[in-house]
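Each chain gets a letter, A, B and so on, in the order the sequences are listed, and its residues count up from 1.
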There are 4 protein chains.
Amino acid sequence: MKTKDRIIHGALTLFNENGERSVTTNHIAAHLEISPGNLYYHFRNKEEIISGIFDNYAKELKTRFQPMAEDQQSNMPSVQVMLSYLDSIFELMWNYRFFYANLPDILSRDDALKLKYTKAQQALNENLIAIMHSFRDSGLIDLEDDELQALTKTLHLVASCWINYQTALLSDNEITEAVIYQGMLQMLNVVRPMATEQGRKQILELEEHYKGRL
Amino acid sequence: MKTKDRIIHGALTLFNENGERSVTTNHIAAHLEISPGNLYYHFRNKEEIISGIFDNYAKELKTRFQPMAEDQQSNMPSVQVMLSYLDSIFELMWNYRFFYANLPDILSRDDALKLKYTKAQQALNENLIAIMHSFRDSGLIDLEDDELQALTKTLHLVASCWINYQTALLSDNEITEAVIYQGMLQMLNVVRPMATEQGRKQILELEEHYKGRL
Amino acid sequence: MKTKDRIIHGALTLFNENGERSVTTNHIAAHLEISPGNLYYHFRNKEEIISGIFDNYAKELKTRFQPMAEDQQSNMPSVQVMLSYLDSIFELMWNYRFFYANLPDILSRDDALKLKYTKAQQALNENLIAIMHSFRDSGLIDLEDDELQALTKTLHLVASCWINYQTALLSDNEITEAVIYQGMLQMLNVVRPMATEQGRKQILELEEHYKGRL
Amino acid sequence: MKTKDRIIHGALTLFNENGERSVTTNHIAAHLEISPGNLYYHFRNKEEIISGIFDNYAKELKTRFQPMAEDQQSNMPSVQVMLSYLDSIFELMWNYRFFYANLPDILSRDDALKLKYTKAQQALNENLIAIMHSFRDSGLIDLEDDELQALTKTLHLVASCWINYQTALLSDNEITEAVIYQGMLQMLNVVRPMATEQGRKQILELEEHYKGRL
DNA sequence: AATGAATGAGTTTTCATTCAT
DNA sequence: CATGAATGAAAACTCATTCAT
């Protein structure tokens, strides 16, 4: 792995463990056993490292939430499709949890990043709506167009804010994988009232899947 | 107003405007036209100021969300009750928005605060559940106990994260009162699938109320 | 002496001895036995210290080169007047020699300072012209108005550039007081061709005065 | 052009534009689209680059200011000789202006350069004196030996400091060719008081020449 | 000749906090 | 209660220079 990538990965690890605020560029350098000068050879400043991390995140976001082509979809049982999306959300939330936990702070200090973030989220939103449409077409959920928009928004909000929200309710600061799994369950709770009979069965399956991991 | 309170209010103002991270204790002192020494006479450290702000927040939280006594309730039309709760939630979120924007960060640096915060949120959660129960008893919503828990959680999450969620997506000058009203509408969207015929009517009334303000 | 003034004086001393470039803010703090934080309590940055030094310089410049009122002048023998002006030039050049030695560099990094400098020099130029007029009126020099302007400009240039120019010709880097005295003599050389018989006598006296100090 | 020469020329350009202090060796390499390693293959350090620039300067200085052989001189009208010298001086000053702007600083960091510089200036001084002698012999100026020395020094000083003197007083965009011509005129002003009747005529011619270019 | 990643000591600056008055 | 000067550890960042390839 190239140094530039090692920095991005090392920084991500430390940020997730200790929070972006308390991780200095010197910490990152020491953690990777490189000199601070070398770090600044690859990145002009700390912002640029965060921005680099975000680019990776955005790339994953894009590929994971591209709605599948219809023919592929019909071949795959719907529960598998839902599972794959939920797992994607889980992994992103877990792998970039420092980002989810400090979003307003991080974005307020970097206008360019804020712009990138907004664009990525708009693209994501469109994809999510398409995905919901396909769930409706498959008879998993049953709702009007405006209700579908509202549901998507709620799901997006739960996904983006879950970690932030949960930190409030936990007695220690540690965000563990179990916390994220609870988020998946909460998202299923949000969808359940709109589910068809068939959809409800599948949601039950998924719930069993995640409850097993708590 | 005593100096101690002036500090708490001044700090809150600056934190909300610029974020806790970039507001120094010297900024606060300068803003209030007092000396840093004086500030530290009233508060041992910055944490204690934040903690003081939190105490105010917790007090408001408690008084606003005590479920009303049954007799009062019966005298007040339910739509009014919901309206008052929604207004309360968003007013609090707006007045203490810096807090939500930096929660994991702030709590990770102050274990005592963390504990207070958790307790306050648990109390709030219980109140919210009681409120939801009374709504069910009034025949506004119709759901099982576990669904009620899930709904409450979603509502709490939407309420506490709405401003953060939107500030991440919008630019500073786009954060207006209208954003708050959209948050109210989003909460109504969350409730609607569980509403009874009667509840649905009231939700419609509230929607008209808020749409008129956009 | 207040700390703020101690910093200005200490910095000036170190700048004169070692050049502005190689004197760091930490050097200055260490030299005064104060903490770097304290230095930055009084000055936002290094530029501001230099600016503070310049303000002192400009104040001296102004008071020393205000042309004397006519009646005062007539009471004082002309040679004394000339001597007092030359000594003023000498002292300024000596006390602020780091400034004279690095002018383009220092001004290029601080637009505000550059503006202050330009204004100070314009005021100085007017004073110098007035002084030259009074010398002509006293019959010490004899020249047309445009020649007087040219002479003033040459004298100003010699004064401002002498140290810079001399560094070139000396085999060691040390600017000593003798170097400055040679500058005084050079200025007299510039004036001499325009001197009247009476003026020439006085210039000779002054030359003796400065040659004795070499 | 060899890489070594490209470095010298590129560095000179950047130094003149931005000042030696703020131009890093990496800037120079980037500007030339070579690697920093390659730059250090050709030069041991930054000082050596500056030294290389100086060598070019010294070479030009030498060839331009060798007093012409007598027979050549008699063939060329004196006004032409003066014109050619004036042009040479200011061209050099302009092409190597960074050097004059930072002289004390640059020389203080490199003893070897300091020595070279001093020798070059002494040689120049002797040449200038020889040139002045020939002007006196041609009956253009009339003065004693010591006055001639003083005049030479003043001329040298005006020539070498003019650009610095003006950059301190003017803003960047005001430093144009016109400023250079004003410097030429200022030098003529310095010589005029010593000029013979015949010399005065020629000075007038030159003045017309430069005033036409303002 | 040339590359470009890497070094590390050094520089400016920040800021929560203390302390003498 | 209040002042405001002072602290000092630590943060971000720089840059001349080296070195393996």
Side-chain angles (χ1 to χ4, degrees), chain A residues 2-4 6-7 21-30 32-49 109, chain B residues 2-4 6-7 20-30 32-50 109, chain C residues 2-4 6-7 21-30 32-49 109, chain D residues 2-4 6-7 20-30 32-50 109:
Chain A
K2 300 274 184 195
T3 301
K4 189 157 189 168
R6 288 186 60 226
I7 293 170
R21 185 174 185 172
S22 61
V23 174
T24 73
T25 50
N26 279 348
H27 288 335
I28 300 169
L32 297 170
E33 296 181 308
I34 65 174
S35 66
N38 195 9
L39 187 148
Y40 278 88
Y41 174 77
H42 292 285
F43 296 90
R44 258 203 302 272
N45 50 41
K46 201 180 173 185
E47 268 183 19
E48 218 173 56
I49 299 175
R109 276 175 294 133
Chain B
K2 300 274 184 194
T3 301
K4 189 156 188 167
R6 289 186 60 225
I7 293 171
E20 182 268 334
R21 186 174 188 172
S22 61
V23 173
T24 72
T25 49
N26 281 339
H27 285 153
I28 300 168
L32 298 170
E33 295 182 310
I34 65 172
S35 66
N38 194 9
L39 187 147
Y40 275 84
Y41 174 81
H42 293 284
F43 296 91
R44 257 204 310 266
N45 51 40
K46 199 181 178 183
E47 273 179 16
E48 220 174 54
I49 299 174
I50 295 170
R109 279 176 291 140
Chain C
K2 301 273 185 195
T3 302
K4 189 157 188 168
R6 287 186 62 224
I7 293 170
R21 184 174 187 171
S22 59
V23 174
T24 74
T25 50
N26 280 349
H27 288 335
I28 300 169
L32 297 170
E33 296 182 307
I34 64 174
S35 65
N38 194 9
L39 188 147
Y40 277 87
Y41 174 77
H42 292 285
F43 296 91
R44 261 202 303 271
N45 49 41
K46 201 181 174 184
E47 268 183 17
E48 220 175 54
I49 299 175
R109 277 175 293 133
Chain D
K2 299 274 182 193
T3 300
K4 190 156 188 168
R6 287 187 60 226
I7 293 170
E20 181 269 334
R21 185 173 187 173
S22 61
V23 173
T24 72
T25 49
N26 281 339
H27 285 154
I28 299 168
L32 297 171
E33 295 181 309
I34 65 173
S35 66
N38 194 10
L39 187 148
Y40 275 84
Y41 174 81
H42 292 284
F43 295 90
R44 256 203 310 264
N45 50 39
K46 201 181 177 186
E47 273 178 16
E48 218 173 56
I49 300 174
I50 295 170
R109 280 177 291 139

When Arg21(C) and Gly37(D) are each assigned the nearest nucleotide of DNA chain F, the 5'-most assignment goes to Arg21(C)
Value in whole Å for how far the C1' atom of dC19(F) lies from CZ of Arg44(D):
17 Å
Measure from NZ on Lys2(C) to C1' on dA6(F) and round the result to the nearest Å.
14 Å
Round to the nearest Å and state the distance from Leu32(D) atom CG to dA2(E) atom C1'.
14 Å
Of the non-hydrogen atoms in Thr3(B) and Asn38(B), which two are nearest, and what is the gap between them?
CG2-ND2, 4.2 Å
Reckon Thr3(A) has a side-chain N or O less than 4.0 Å from the OP1 or OP2 of dA6(E)?
yes
Looking only at non-hydrogen atoms, find the nearest pair between Arg109(C) and Glu47(C) and report the distance.
O-OE2, 2.7 Å
Reading DNA chain F 5' to 3', what string of ( ), [ ], | and . shows its pairs, if Watson-Crick and G-U wobble pairs count only when both distances fall under 3.5 Å?
.||||||||||||||||||||
Value in whole Å for how far the P atom of dA5(F) lies from OH of Tyr41(C)
3 Å
Across the strands shown, which category fits Thr24(B) at heavy-atom distances under 4.0 angstrom: base, sugar-phosphate, nothing?
sugar-phosphate
Using whole Å, report how far NZ of Lys46(A) lies from P of dT14(F).
15 Å
Please tell me which of Lys4(A) and Asn45(B) maps to the more 5' nucleotide of DNA chain E, matching each residue to the nucleotide holding its nearest heavy atom.
Lys4(A)
Presence of Tyr40(A) side-chain N/O under 4.0 Å of dT14(F) phosphate oxygens OP1/OP2:
no
Rounded to the nearest 0.5 Å, what separation is found between the CD1 atom of Ile34(B) and the NE2 atom of His42(B)?
6.5 Å
Does a side-chain N or O of Thr25(B) approach OP1 or OP2 of dA16(E) to a distance below 4.0 Å, or not?
yes
Asn45(B) vs Thr25(B), test: side-chain contact (heavy atoms from CB on, under 4.5 Å). Steps then yes/no.
CA-CA 9 Å; Asn45(B) 51 40; Thr25(B) 49; over 6 Å; no
Quick one: pull up CG in Leu32(A) and CD1 in Ile7(A) and give me the separation to the nearest 0.5 Å.
6.5 Å
For His27(C) and dA9(E), what is the distance between atoms NE2 and P respectively, to the nearest whole Å?
16 Å
Rounded off to whole Å, could you give me the CZ-to-P distance for the Arg6(C) and dA5(F) pair?
14 Å
Taking the basic N atoms (NZ, or NE/NH1/NH2) and the acidic carboxylate oxygens, is any pair closer than 4.0 Å for Glu48(B) and Lys4(B)?
no
Going by an N to O cut-off under 4.0 Å, is there a salt bridge joining Arg6(B) and Glu33(B)?
no
Select from Asn38(B) and Asn26(B) the residue whose nearest nucleotide in DNA chain F is closer to the 5' end of that strand.
Asn38(B)
To the nearest angstrom, how far is Leu39(A) atom CG from dC15(F) atom P?
16 Å
Side-chain N or O of Ser35(C) closer than 4.0 Å to phosphate OP1/OP2 of dT7(F):
yes
Between His42(A) and dG4(E), is there a contact of a side-chain N or O with OP1 or OP2 at under 4.0 Å?
no
